[in-house]
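Take a look at the structure below.
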Number of protein chains: 2
Amino acid sequence: MCVKQLTHQQCLGADAALSRAFSLLGKRWTAVVLGTLGTGGPTGFRELSRAVGGISDSVLSDRLTELTQAGLITRTVDAGPPISVTYALSERGAALMPAFEQISTWAQEHL
Amino acid sequence: MCVKQLTHQQCLGADAALSRAFSLLGKRWTAVVLGTLGTGGPTGFRELSRAVGGISDSVLSDRLTELTQAGLITRTVDAGPPISVTYALSERGAALMPAFEQISTWAQEHL
DNA sequence: CTAGTCGCTTCGATTTCCGAAGTCGCTAAC
DNA sequence: GTTAGCGACTTCGGAAATCGAAGCGACTAG
């Protein structure tokens, strides 16, 4: 049984939800991109690339597209000139930050 | 600045810690394996494979090796006969469960 | 003796990721 | 006017990760 005295069914539901979450978060860079937007605030592609560090442009572009489509971030285009694009956490994305802070705290003492 | 009024330095530290955490959790299946051990308790390879669902044997084997080496799970061999092996969360691994519960709750309402 | 299970390993194929180079539109400096 | 740099990406070949299937040895059950 669960470490927290849940019913078997509740455990299955929790596992399925965690699986859905990690079908996104289990990709390299997804959580780091979200976390970086959470700590640094709204920013553009290049600045985000620098803040994340080590990510390729094509993967960053892919992740931003996926996260926008999943509703975790918003993409705002200012036609300028010059064109500028700003990515920011949405409410839904911001709702993940408490969990990421816990993971971050955990990593500070365990990794 | 941070959404939570941290210093710039604290944000950078948090991002670096999150990056370290997700160099592990950002691999396909890692978090789901941990989460499944958290809800289902100690178990063997085959049962864990069934509980996780959809994972290949070679990746499960790889993940279990990595997680054991990282100290997040323990591997206990009973020489039998027949041989049986039990994987369980370590204290360090169990310390991640509150964050995974938050992510699971978040996924139940957002994904 | 046969079939099934456990706890894995191996291997070829597929998918994901990476690094480099590139595009277009803009701005700045000379 | 020219050159260089930047932003916001896209493209592509190669490397790494993942997958699915098949296999192994040791055991148990019928």
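Computed from a prediction, not measured in an experiment: that's the story for all the values here. Naming: A, B, ... by sequence-line order, numbering from 1 per chain.
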Just how far, in rounded Å, is C1' of dT28(D) from CD1 of I83(B)? 14 Å
Donor-acceptor contact present, side-chain R28(A) to main-chain V59(A), <3.5 Å: no
Is any side-chain N or O of Y87(A) closer than 4.0 Å to OP1 or OP2 of dG7(D)? no
Phosphate contact (dC19(D) OP1 or OP2) by W29(B) side-chain N/O below 4.0 Å: yes
Taking the nucleotide of DNA chain D with the closest heavy atom to each, which residue, S58(A) or V85(A), is nearer the 5' end? V85(A)
Answer yes or no: is there a donor N or O on one side and an acceptor on the other, between the side chain of T39(B) and the main chain of G35(B), under 3.5 Å? yes
Nearest-0.5 Å distance that lies between atom CG in L72(A) and atom CD in E66(A): 10.5 Å
Separation of dA8(D) atom P from L60(A) atom CG, nearest Å, is 11 Å
R75(A) CZ to dC9(D) P: how many Å, rounded? 4 Å
Quickly work out the F45(B) CZ to dC27(D) P distance and round it to whole Å. 19 Å
Value for CG (D15(A)) from CZ (R20(A)), rounded to nearest 0.5 Å, stands at 11.0 Å
Quick check on DNA chain C: between R46(A) and R28(A), whose nearest nucleotide comes earlier from the 5' end? R28(A)
Could you state the CG-C1' distance from D57(A) to dC24(C), rounded to the nearest angstrom? 15 Å
Value in whole Å for how far the C1' atom of dT9(C) lies from CZ of R63(B): 16 Å
Starting at CZ of F100(A), measure out to CG of L25(A) and round the result to the nearest 0.5 Å. 4.5 Å
Is there a donor N/O on one and an acceptor N/O on the other, under 3.5 Å, for the side chain of S61(B) and the base of dG7(C)? no
Confirm from the modelled atom types if S84(B) and dG7(C) form a donor-acceptor pair under 3.5 Å, side chain to base only. no
Rounded off to whole Å, could you give me the CZ-to-C1' distance for the R50(B) and dC6(C) pair? 9 Å
When the distance from CG of D62(A) to P of dC18(C) is rounded to whole Å, what number comes out? 10 Å
